[in-house]
2 protein chains.
Amino acid sequence: MDKQDRPRRPTISDVAAAAGVSPKTVSRVINNEPGVRAELADQVLAAVSKLGFRRNTMASSLRSGGQTATIGLIIEDLANPFYSTIAATVANIARTHDTHLITVSSEENPELEQRQFLQLCQRRVDGMIIVPAGSDHSYTRPEVEMGMRMVFLDRPPSGILADSVVIDNAAGARAGIVDLLKDGHRRIGVVIDSPVIYTARERLAGVRSALAEAGIPYDDALVRVGVTNPDEAAHAVATMLDGVDPPTAFFTGNNRSTIGAIQELYRRDSDAALLGFDDFELATLMPRPLTVIAYDVQELGRAATLRLFERIGGDTSWPSETVIPTHLVQRGVQLLKS
Amino acid sequence: MDKQDRPRRPTISDVAAAAGVSPKTVSRVINNEPGVRAELADQVLAAVSKLGFRRNTMASSLRSGGQTATIGLIIEDLANPFYSTIAATVANIARTHDTHLITVSSEENPELEQRQFLQLCQRRVDGMIIVPAGSDHSYTRPEVEMGMRMVFLDRPPSGILADSVVIDNAAGARAGIVDLLKDGHRRIGVVIDSPVIYTARERLAGVRSALAEAGIPYDDALVRVGVTNPDEAAHAVATMLDGVDPPTAFFTGNNRSTIGAIQELYRRDSDAALLGFDDFELATLMPRPLTVIAYDVQELGRAATLRLFERIGGDTSWPSETVIPTHLVQRGVQLLKS
DNA sequence: TTGAAAGCGCTAACAT
DNA sequence: ATGTTAGCGCTTTCAA
């Protein structure tokens, strides 16, 4: 009789006893099933609010064998605005389906991703949206065969056939480079993330294809690979500018790198052109001109989430690949004055 | 026998049958309980991996009556970097407790917040971290009495006694204004969010206290209240600058307003001083000088999460209020060249 | 060391 | 219109 004991939550039976009805009747009332006399229903409702009863979602979904009204989202890093925008979009759509969202970060670590995936399976989420970190997702196959639905976001799956929503990385990068070439640039410094990341590979491929088409030889001295944060990007830009025959323009493969490049170019008062993949909110306040390869991040998240709910709703059609287009946008604070 | 039927996941009984043991033995093995012959355990493990068994977390926690290894986070808007930083911090700490995080947005809507809170209760989360939107949280009391733990973040609770972690809003704003006064400013434009929001009230109180102490009368013409986004902030700054006897300095009450103010001040080439509450990642690249009232956002999230897990761990001490300090930092891209 | 029986809180399937 | 029984997948309790 310790008063520190957490009081047990009332169950459906407690409510039934208090209302003088059977548990099944309570169940009917709280689930709005038809066929309960209004008078009885009122008694039940009164008991519910008197006892502070709240139906146990887990018990309910266990018995009815259906959905848990939960989906999972596996991303690299929730603190990155790109991913938090996606998480917010997914959560908002999930809410319209009365579904909760569990978000986990894999930190670009394939093993962690796999652990997280399996844990979400144990939790019996109704489906998952995955930004894949590794390059082999055959480990998901048994779960898929047992009914787990998943949609891959931003990067396609490998070793498994599944829905995916990606952006048009190669075409976007290609268009950006073509633009630089049109302005007369012939030496373009390239700063890009590790090639183990799909988007980095694709973007670099876009760059190379544009250069090749223009007959410009690919110069290894102008490419820095494996750059993962702004400081490394700033350093990469610095060393290229300090080299012989420095670039007159730079391409940065993601928003983190773009920020590092802006820092370095501004510090040096360099007038090199800058082309960055990914738009970002404060791009309009950056202290120098730049062009960004932009796309609708929310649309990326929306398309993936809608696809997932189609699957959860029973869609068994052949897996689809959705590609979100990109476009070039001029940024930089100088535009505010024009 | 429709092949479209999603195959049922194997249960503990299926594994038991396949391994020729009882369900309880399987349970012992998968929970690492002692007292199972190694040989038997191996049989069980073999059956587990052959069938692709994954223990159903919900069934498990239902029966053992304990925790669900899930916590909830109620914030205003996951797309806002302030909140996504907090969500990332909370999720990371939760992971060290093998706990999943469900994040929901209340969009500054008290009714939505309440609905979300009750839904998380129905899910039997082990606890919640709440950035309260409304001004009355007595509705949480029945749940707290039945064992729900919660910690309030960034804003204190009302109508209920609970742990909270907030920042030192008034002192931070006060220190910032004192700084402006020291530089000789006497007319300071104030741009602040709706006073229904605790942080806005506190920050405005800090401003007023600093002004009062310096013997400067509070001028309503220099205060814009209810500003919720950058555009409104830019407009507020514009109208004050266009007024008679315009301010020589501005105080903006949060990062959104600060951004709007920067836009407007930059556009006009105004040399008015700017003091903004909240630091933000790209503050170092803003095209004009500003001072920010900074604090450790991650520490805010960390302190709240640690407190919550203490509660979940059984701590029943008197509710605590943790206050995170602030400090002034110079920002703006011009610092990069010095 | 192993297993049988009961039950967590709820609902499906069947009475009445 | 209401109630009874059984059982979701697991673990507790207790017996062997």
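Computation of the quantities below employed the complete heavy-atom set of this structure, encompassing side-chain atoms and omitting hydrogens, waters and symmetry-equivalent molecules. Naming convention: chains lettered A, B, ... in sequence-line order (proteins, then strands); numbering from 1 in each chain.
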Which atom pair, heavy atoms only, marks the closest approach of Pro157(A) to Ala162(A)? CG-O, 4.1 Å

Donor-acceptor contact present, side-chain Thr57(B) to main-chain Gln122(A), <3.5 Å: yes

Within the structure provided, determine whether Pro23(B) and Val26(B) are in side-chain contact (heavy-atom separation under 4.5 Å). no

For Asp42(A), the side-chain hydrogen bond (donor to acceptor under 3.5 Å, both in side chains) test, sequence neighbours excluded, returns none

For residues His137(B) and Phe117(B), establish whether the separation of their ring centroids is below 6.0 Å. no

For DNA chain D, which residues of residues 17-30 of chain B approach it to below 4.0 angstrom with any heavy atom? Lys24(B), Ser27(B)

The helix from dT1(C)-dA16(D) to dT16(C)-dA1(D): angle between terminal helix axes, five bp per end, to the nearest 10 degrees, reads 40°

N-O pairing of Glu107(A) and Arg95(B) below 4.0 Å: yes

For Gly35(A), answer base if it contacts any base atom (sugar-phosphate contacts may also be present), sugar-phosphate if it contacts only those atoms, and nothing otherwise; contact means non-hydrogen atoms under 4.0 Å. base

Less than 3.5 Å apart, any donor N or O on the side chain of Thr68(A) or Arg123(A) sitting next to an acceptor on the other? no

Is the backbone N or O of Cys121(B) less than 3.5 Å from a side-chain atom of Glu143(B), with the two atoms forming a donor-acceptor pair by type? no

Regarding Asp163(B) and Arg149(B), does a basic nitrogen lie under 4.0 Å from an acidic carboxylate oxygen? no

Side chains of Ser320(A) and Arg307(A): any donor to acceptor distance under 3.5 Å? yes

Of all pairs that satisfy salt bridge (Lys or Arg N to Asp or Glu O under 4.0 Å), the ones with a partner from residues 69-85 of chain B, not counting sequence neighbours: Glu76(B)-Arg155(B)

Whole-Å distance, Leu62(A) CG to dT11(D) P, equals 12 Å

Using the heavy-atom set of chain A and a strict 4.0 Å cut-off, write down the first and last nucleotide of DNA chain C that makes it in, 5' to 3'. dG9(C) to dA13(C)

For Gly301(A) and Ile86(A) the tightest heavy-atom approach is CA-CG2, 4.5 Å

Stretch residues 42-61 of chain B: residues that reach within less than 4.0 Å of DNA chain C through a heavy atom: none

For Gly52(B) and Arg9(B), which heavy atoms make the closest approach, and how far apart are they? O-NH2, 3.6 Å

